[in-house]
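Since this is a predicted model, take the numbers as computed values, not measurements.
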Amino acid sequence: MNTDRQLSVALIGNPNTGKTSLFNMLTGLQQQVGNYAGVTVEKKTGTWTLPNGERVDLIDLPGTYNLNAVSLDERVAVDVLAGHSADAAPPDLVIVVVDVENLRRNLYLASQASELGVPMVIALNCWDVAERKGLQIDSKLLEQRLGVPVVPTVARTRRGTGALAEAVTRALETRPILVRPRWPEAVMESLEYLRDELITQRGEALREGELQRLLFDKRSAVAERLKTTAPEREPILRRAREKLHMGGYQPDAAESLLRYRFLNPLLNDILERQAAMKKRSTSESIDQLLLHRVWGLLVFVGMMYVVFQSVYTWAGPLMDLIEGGVGKLGDFAGGFLTATPMLQSLVVDGVIGGVGAFLVFLPQILVLFFFIALLEETGYMARAAFLMDKLFSWSGLNGKSFVPLLSSFACAIPGILATRTISDPKARCITILIAPLMSCSARLPVYLLMIGAFIEPQYGAAIAGLTLFAMHFIGVLLAGPLAWLLHRSLPPYVTSQPFVMELPHYRVPQLSRIGHRLYKCGSEFIIRAGTVICAMTIVIWALLYFPRPPELAEAVEATAAETSPALSPAQLEHRVNAAYLEQSFMGRFGRTVQPIFAPAGYDWKITIGVLASFPAREIIISTLGITYALGGEIDEGSDDLRTTLSKAKWESGPRAGEAVFNLPVALSIMVFFALCMQCGATVAVIAKELHWGWAAGSFFGLTALAWVAAVLTYQIGMWLA
Amino acid sequence: MQYLDTVLVVIVLLGALAFLYRLFRRKKKSGGCGCGTEQCPTRKP
Ligand SMILES: Nc1nc2c(ncn2[C@@H]2O[C@H](COP(=O)(O)OP(=O)(O)OP(=O)(O)O)[C@@H](O)[C@H]2O)c(=O)[nH]1
Ligand SMILES: [Mg+2]
């Protein structure tokens, strides 16, 4: 073995067996863990220090059921195992993470992997569940039969990781290989034929395990790596499979038949005791209810109702605290900077006003994410996805689309990356294109602002929660028909797959994990406020502040003295400020573009808010904050943006004197933000994962859709009112 | 004093622009939205 290179150990296993949990425990890193299949879609590497002080590279891989590797994420796992990954050497050892509750199926993958000739250690994870359910698995007996170390572990609590480390240290020396099946004559002959044709005659570098993949898999990633061209290799592969057929084995089913025939006798007496224990478990009866067509949906809606309305009932006091703090800070900084009025405006109206308006929503966002994390950790979210699958099957959405779409509710970017689990390229494309319609957390502050200003004060927390829920649902409602249209208009690829998502086990959520997620979410929000949002806020402040010709103030004062001499100094100042704001760069631009948004009921201030948020949605909050602060309409530090908005009036035009924001306008703004593709990062990711043409198409398509929906909302709202 | 005021504001503005420019150049693809960037710590309802 090469001693200069750090040894590497890879974690493989079926989805949702706890690979990443184990990885985090062993390396001290914090990669994403979640109670559903398909959380990890990329390879992650960390350093693990073994008990003898040696440091090895530990590689966490996406979960996979077998090595056929049709989807992109499975491909990552298989490439690393076979040593074909561009940036990772082949692992010196693999730890197969096995879910004790599904031993047989999990070991199938181990058996396939052993054919690649990599030494192996098996971690029997979720041992705590086995103990609780009284499954008695004799790990020592299993170890003897399989020929590799078998270590019970509990990745959540670190139990067994010491024993695992020792087993790995020893295995790196002794290099144990899992027992392999003895293939029947027909398989041997077919493999021999392939070996002769490809290795001997054409000089391909193939391992035994890779030959098997070529023989057993209809479409194999290994084939694409061969030097032999497709027209030349296809007849060879077909011939090999024909030989198998003539020997009495259906080529597609041969492998699972033979491997299970080999594994079963090794496991049967171990699992028998397990089978006797299995009655109808409580989890199955709960699922009967939660997955029911009618009851399940009712429970889902009820649960969402509780979650969304608690956003309004729980977060209040903390929000007041932050609001008060921001106001005090503004007063303090303002007093400090009186000598430099321009800088004072930048700091107070721009940075503190803009970023502060955004920070106020942190508590509400944390409350929402707390519930979401809770539901996800228990395993309920995967069931909700299952329900949605039933509802949306007509639209041609792939069953595997639901986890990515669910992830898009936090942010479309990881959602789009998670589509790598979808093996059908067409279904993957459709899922990527509708992912931005799922309401991501960046839209949340916009909803919270509008609902907080116009719905909660009048209609109370319950209706406010309902509106928030509706805003999250509107994208889902439109996603169905859109997916159907795309499904109809795109050329078909291969037959779509049935729903393959495995329902995760119900688990008691770990408070520490939820706490950690909230901490991460919160710190990310604050960091974002302090960096990107802050920088953009400063730029927007400048565009709203300049130019500032001194003549303007004089002119306004002169006219005021003539027409309405009774104005108080404060009112006069307000007029001057408003005049400056209107002729600022952004003000002029907004008033030019405003007619486009007039049908949706927006004035020029909302228009610039909407336009400024195209790089990132949350900017509208800071923009509105600065606009009203510069216009002198936020009079006291204590007066928050929500109240200011509800007091805003049209200054000129046919509706002068009327309130700018009424219920239809607020709803129309929310609908626009719910549907529009206002996220530069998402556009870039779509371009990277698909093609820039798709990115441009989805940008313009969704923006147009958002405009139409916003106009409809406003017009219907006004007509009803 | 007015001079100082202008200079300070210009410095802050240029700083903000430089920051945004660097951010855009460095990672065109991520930057994330809201609670999640590419290595998104939080996902989904
Ligand atoms: N009770 C129990 N739960 C565990 C254990 N290990 C992991 N879990 C839970 O199992 C779920 C899945 O964990 P992950 O680490 O994300 O699984 P994974 O194998 O990385 O999943 P993918 O990346 O989707 O393939 C999480 O909810 C964990 O908290 C364990 O030993 N006992
Ligand atoms: Mg994982």
Side-chain angles (χ1 to χ4, degrees), chain A residues 30 32 34 39 304 307 339-343 346 365 368-369 371-373 375-376 381 384 403 406-415 417-418 438 440-445 472 517-518 520-521 524-525 528 531-532 534-539 542 616-618 679-682 684-685 687-688, chain B:
Chain A
Q30 287 287 355
Q32 166 89 27
V39 178
M304 288 300 127
V307 168
T340 49
M342 214 190 310
L343 189 66
L346 188 155
I365 288 177
L368 188 58
F369 273 81
F371 280 109
I372 286 163
L375 289 180
E376 189 190 304
M381 275 302 172
V403 169
L406 226 44
S407 321
S408 304
F409 274 98
C411 176
I413 292 167
L417 294 182
M438 303 301 119
C440 73
S441 59
R443 283 150 165 135
L444 207 50
H472 280 84
R517 282 176 60 159
L518 284 186
K520 270 210 151 171
C521 172
E524 189 127 327
F525 183 87
R528 197 169 153 75
T531 53
V532 191
C534 181
M536 292 185 65
T537 298
I538 293 173
V539 174
R617 310 184 156 89
E618 314 90 310
C679 182
T682 304
V685 170
K688 199 175 118 225
Chain B
M1 215 52 195
Q2 201 191 352
Y3 178 70
L4 179 73
D5 196 12
T6 316
V7 170
L8 285 177
V9 167
V10 167
I11 289 176
V12 174
L13 251 178
L14 287 181
L17 283 174
F19 177 80
L20 286 176
Y21 177 76
R22 221 194 53 199
L23 197 77
F24 182 71
R25 286 300 305 268
R26 193 179 55 215
K27 35 176 190 178
K28 278 203 182 109
K29 52 194 177 300
S30 74
C33 40
C35 241
T37 45
E38 204 164 342
Q39 271 89 43
C40 192
T42 23
R43 313 176 109 191
K44 89 177 200 181

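With sequence neighbours left out, B/L4 forms a side chain to side chain contact (heavy atoms under 4.5 Å, CB included) with A/T340, B/M1, B/L8. Applying the ring-ring contact (aromatic ring centres under 6.0 Å, His included) criterion to A/F371, with sequence neighbours excluded, gives A/W314.
Neither the backbone nor the side chain of A/L375 comes within less than 4.5 Å of any heavy atom of chain B. With a 4.5 angstrom heavy-atom cutoff, A/T537 does not touch chain B via any of its atoms. Heavy atoms of A/M438 lying under 4.5 Å from chain B are absent altogether.
Note on A/P341, A/A542, A/G34, A/A339: by heavy-atom pairs under 4.5 Å with chain B, the leading option is A/P341.
The two residues A/V532 and B/L20 have their closest heavy-atom pair at O-CD2, 4.3 Å. For A/V539 against B/L13, the heavy-atom pair with the smallest separation is CA-CD2, 4.2 Å. For the pair A/A535 and B/A16, the tightest heavy-atom approach, listed with the atom from each and the gap, is O-CB, 3.7 Å.
Note that OG1 of B/T6 and CE of A/M342 are 4.0 Å apart. Values are rounded to the nearest 0.5 Å.
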